[in-house]
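Below you'll find the structure, written out as structure tokens, and then a few comments.
Bear in mind the structure is a predicted one, so any value in this text is a computation, not a measurement.
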Amino acid sequence: QRRTNLNTEGKVRWLLDYFPNVELTQLAAGLGISRQVVHRYKKKKEDQLKRALRRRTAPLHEVFDWPCDHAFDYFDRDFA
């Protein structure tokens, strides 16, 4: 049992995950929202997945973001 109820986007995403072959019009009718809203959440989900997969498969130097500009200086310091 969930602690909190899913919002509309959460419901759409859950249904798309577990019932990927259901038409958007059926999802919209079942949730009582417009097909455009379902399509917007589906597109958002697809974009987030594409971005995550692109980050996962990118070379390390393209993915890693240093938290600050002077972080590279840390490795050049002599701690001896």
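Residues satisfying the side chain to side chain contact (heavy atoms under 4.5 Å, CB included) test with Gln26, not counting sequence neighbours, are Val22, Glu23. Considering only residues two or more places apart in sequence or on other chains, Lys43 meets the salt bridge (Lys or Arg N to Asp or Glu O under 4.0 Å) condition with Asp47. With sequence neighbours excluded, the residues satisfying side chain to side chain contact (heavy atoms under 4.5 Å, CB included) with Asn7 are Glu9. When the side chain to side chain contact (heavy atoms under 4.5 Å, CB included) test is applied to Leu53, the partners found at least two apart in sequence or on another chain are Leu49, Arg56.
Note that CG of Leu15 is 11.0 Å distant from CG of Leu24, once rounded to the nearest 0.5 Å. Between atom NZ of residue Lys44 and atom CD of residue Glu46 there is a gap of 13.5 Å, rounded to the nearest 0.5 Å.
Using a 4.5 Å heavy-atom cutoff, the side chains of Leu27 and Lys42 are not in contact. Put simply, the side chain of Gln48 reaches to within 4.5 Å of the side chain of Arg13, judged on heavy atoms.
When all heavy atoms of Asp17 and Lys45 are compared, the closest pair comes out as OD1-CE, 2.8 Å.
Under the salt bridge (charged side-chain N to carboxylate O under 4.0 Å, His left out) criterion, no residue pair touches residues 25-37, with sequence neighbours excluded. Contacts classified as ring-ring contact (aromatic ring centres under 6.0 Å, His included) and involving residues 8-41 (residues at least two apart or in different chains) are given here: Trp14-Tyr18.
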